[in-house]
Every structure is written in structure tokens, then in C-alpha cells.
Amino acid sequence: MSQENTKKGISSTHIAFIAMFATLAAVLYILNFALPFAFPSFLEFKLSDIPILIGTFTLGPISGAIIVVVEILIKLVVKGTTTVFVGELSDLITSCVFAVTAGVIYKKHRTFKGALVGMAIGTVAEVVVAIIINRFVLVPFYLEFFSHGSWAPLLGMMKPLFPSITKQTFYNFYLWVSVLPFNLLRCLVAIVVTLLVYKRISRLINSVNRKIYGKEDHDEQKSKRTTIIFICVGVFLVALLITFALLREFVF
């Protein structure tokens, strides 16, 4: 895999590529879909981890975390939330754990083996965190706020796949036969696609950076001013997205 160009810090093109990856991730996040033949219908499969992981490897782990945050905000503005932000918070945490863990390891060991090790450890971390969040946050929250303490709706959604499920066996079926393999599959798909396309995308980004910043007569002061402007615009847009997301949920 090609090496990330970090000598010049955060450039305007770097920020532009963060926006590109975040937008693509948001589109894929909005287009989530269920796999009812294999998993409960409320576990929606997301392909947005693909641009997140590629962006993290190409731009760095901090940029990867920013991509996840912006992706979630765009989704909230466009589609809103059906879980009072709890589901989005869960997705934010699991995606960050997966991509940033892999990105940190790859940044220290920029080899194919380092990438594989990073993605493997990121997958394990993501699956563990997903199980913990589902067990202690998502399911209790759903029971309390959506079904008023009744297990019937949850059991009803699980019975098509697990006819013998009961309240006592719910977590055995849900955590170990649903959440665990579901998140493993999600990470595996992102890993396979990333391995196939990362090199080409990384070369493209490095090529763009070289064309813009590779000239000897480049104005360093102008570059700094441009970067500051892009950062300010980025912060403003993120604040705007947060405002619109909150207005959509609590006003409109």
C-alpha cells in the first residue's frame, strides 16, 4: 500500500477529500438495508464502513473519526432519527472503533501486513463494543422507551429466525447468533473492498497533492491561509449540520 503524504500537514485537498469520503459514507449510511433471511430485520447492514476505512487509511485516523462524525450528521439532517439519537451514537462509536483502531495500527506499520493486523484488531474491537452497546444500551433503551418494558415486540421480531426464543434466551440468540456474526460480516465486507481499491484511491490523492503542492515556487504563506480558511469553513459546516439535525428532530 502506498504511503500517506503527511509532511505538509493538513492541506486544503486533504480537507476536500475528508468531505468527499464523508459524503459518500453518508449516502451509503442512508441506504442501509436489512438481511432478514440471516439476521433480525432491525439490524440494518451498512456499507458506509467502506469509505470510512479507505478514508482512514488514506488520510489518517483523526480524519477517519471526522469522516464518521460528518457522515452521522448528514444522515441526521437528511433522514432524522428513529431512536432518539441512540442508534446513531452506537453507529458512531462502533465505526470509529473499527476504522480508527485499524488506522492507528496502520499508521505505525505502513505495510500490507500492518494493514491486515490493524483491520483484524479493529474488527475484534468493533464486535466487542457492538455486543456491549447492544447488551447494556440499545436493548434496555428500546425496552424502556419504545415497548414500555414489554419483551413482546422484540421477541416478535426475532421469532421468524429463532422460533424457540424466549425472554430468558433472548440475549443468547441476539448477541451471539445475531450481533456477533452481523458485525463480523459488516467488517469483512469493508476489509475486502478496501484491500481491492485502496491503492488506486491513495495514488489518486497523492497525485492531486503533488500537482497542487509539489511546485518549488509554492507560496507557503498562501498555503497556510488556505488551510485555515478550509478548516474554518469545515467547522462552520459541521456546526450547521448539528443545528439542522437538532431543528429537524425537535422543531419541525
Side-chain angles (χ1 to χ4, degrees), residues 1-6 10 14-32 43-76 87-134 137-138 179-202 204-206 234 238 241:
M1 293 189 176
S2 61
Q3 186 161 353
E4 175 187 12
N5 181 13
T6 58
I10 298 178
H14 187 111
I15 297 171
F17 279 115
I18 288 177
M20 180 192 73
F21 282 119
T23 302
L24 179 57
V27 171
L28 293 175
Y29 187 33
I30 292 169
L31 297 176
N32 282 357
L43 288 179
E44 294 189 332
F45 199 80
K46 47 182 283 189
L47 295 174
S48 55
D49 284 327
I50 297 171
I52 291 170
L53 186 58
I54 295 172
T56 301
F57 274 7
T58 307
L59 305 171
I62 295 177
S63 298
I66 295 172
I67 290 169
V68 176
V69 172
V70 175
E71 166 217 21
I72 298 290
L73 290 175
I74 293 174
K75 182 266 179 184
L76 287 172
E88 287 75 24
L89 178 62
S90 171
D91 289 334
L92 186 150
I93 293 172
T94 54
S95 291
C96 278
V97 167
F98 174 50
V100 174
T101 300
V104 167
I105 295 172
Y106 177 61
K107 187 176 181 180
K108 293 181 179 179
H109 307 281
R110 302 190 67 86
T111 62
F112 184 75
K113 181 180 178 181
L116 289 179
V117 171
M119 290 186 290
I121 295 176
T123 298
V124 172
E126 195 273 350
V127 170
V128 170
V129 169
I131 290 173
I132 292 172
I133 289 177
N134 274 275
V137 179
L138 294 185
V179 173
L180 190 153
F182 177 84
N183 283 276
L184 280 177
L185 178 62
R186 190 179 113 184
C187 292
L188 180 61
V189 170
I191 288 170
V192 170
V193 175
T194 298
L195 290 175
L196 290 174
V197 304
Y198 167 73
K199 240 181 180 181
R200 296 175 183 175
I201 293 175
S202 181
L204 172 64
I205 292 175
N206 288 334
V238 169
L241 286 172

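Excluded from the calculations below are hydrogen atoms, water molecules and symmetry mates; all remaining heavy atoms, backbone and side chain alike, are included.
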**Q.** Side-chain heavy-atom pair Val70, Phe21 within 4.5 angstrom cut-off
**A.** no
Q: From the options Val104, Ile66, Thr101, select the one residue that forms a side-chain contact (heavy atoms from CB on, under 4.5 Å) with Pro61.
A: Val104
Q: Give, for atom CD1 of Ile54 and atom OG1 of Thr194, the distance between the pair rounded to the nearest 0.5 Å.
A: 4.5 Å
Q. What's the spacing between Glu88 CD and Leu73 CG if we round to 0.5 Å?
A. 10.5 Å
Q: Apply the side-chain contact (heavy atoms from CB on, under 4.5 Å) test between Ile50 and each candidate in Val197, Val193, Val192, Leu24; give the one that qualifies.
A: Val193
Q) In chain order, what residues pass the side-chain contact (heavy atoms from CB on, under 4.5 Å) check against Ile132, with sequence neighbours excluded? A) Val128, Phe136
Q | Non-hydrogen side-chain atoms of Phe57 and Met119 separated by less than 4.5 Å | A | yes
Q: Could you grab the distance from atom OH of Tyr198 to atom CG of Leu53, nearest 0.5 Å is fine?
A: 10.0 Å
Q: Taking Asn134 for its side chain and Ile131 for its backbone only, find out whether a donor-acceptor pair lies under 3.5 Å.
A: no
Q: Calculate, to the nearest 0.5 Å, the distance between atoms OG1 and CD1 belonging to Thr58 and Ile201 respectively.
A: 6.5 Å
Q) Do other residues, nucleotides or ligands put more than 12 heavy atoms under 6.0 Å from Leu116 CG? A) yes
Q) Considering only heavy atoms from C-beta outward, does the side chain of Ser90 approach that of Val137 to under 4.5 Å? A) no
Q: Mind listing the closest non-hydrogen atom pair of Val68 and Leu92 along with its distance?
A: CG1-O, 3.8 Å
Q) Is there a side-chain contact between Thr123 and Phe98 (heavy atoms, below 4.5 Å)? A) yes
Q. Who pairs with Val129 by side-chain contact (heavy atoms from CB on, under 4.5 Å), at least two apart in sequence or on another chain?
A. Ile93, Thr94, Val97, Ile133
Q: With sequence neighbours left out, write down each residue that passes side-chain contact (heavy atoms from CB on, under 4.5 Å) with Leu31, or none if nothing qualifies.
A: Val27
Q. Roughly how far apart are Ile62 CD1 and Ile67 CD1, rounded to 0.5 Å?
A. 12.0 Å
(Q) If you compare all heavy atoms of Phe45 against all heavy atoms of Leu47, which two are closest, and at what distance to 0.1 Å? (A) CE2-CD2, 3.6 Å
Q. Among side-chain atoms of Ser95 and Lys46, is any donor-acceptor pair under 3.5 angstrom?
A. yes
Q. Between Thr56 and Gly103, which heavy-atom pair has the shortest distance, and what is it?
A. CG2-CA, 3.7 Å
Q. Does the pair Ile52 and Glu71 meet the rule for a side chain to side chain contact (heavy atoms under 4.5 Å, CB included), with working shown?
A. CA-CA 9 Å; Ile52 291 170; Glu71 166 217 21; 3.5 Å; yes
Q: Measure the shortest side-chain to side-chain distance between Pro181 and Leu185 over non-hydrogen atoms and say whether it is less than 4.5 angstrom.
A: no
Q: Hey, could you give me the OG1/CG distance between Thr23 and Leu28, rounded to the nearest 0.5 Å?
A: 11.0 Å
(Q) I'd like to check Arg186 versus Asp49 (side-chain heavy atoms, cut-off strictly below 4.5 Å). Are they in contact? (A) yes
Q.
Do Phe17 and Leu59 have side chains that approach each other closer than 4.5 Å (heavy atoms only, starting at C-beta)?
A. yes
Q. What are the two closest non-hydrogen atoms of Ser48 and Ala25, and how far apart are they?
A. CB-O, 3.1 Å
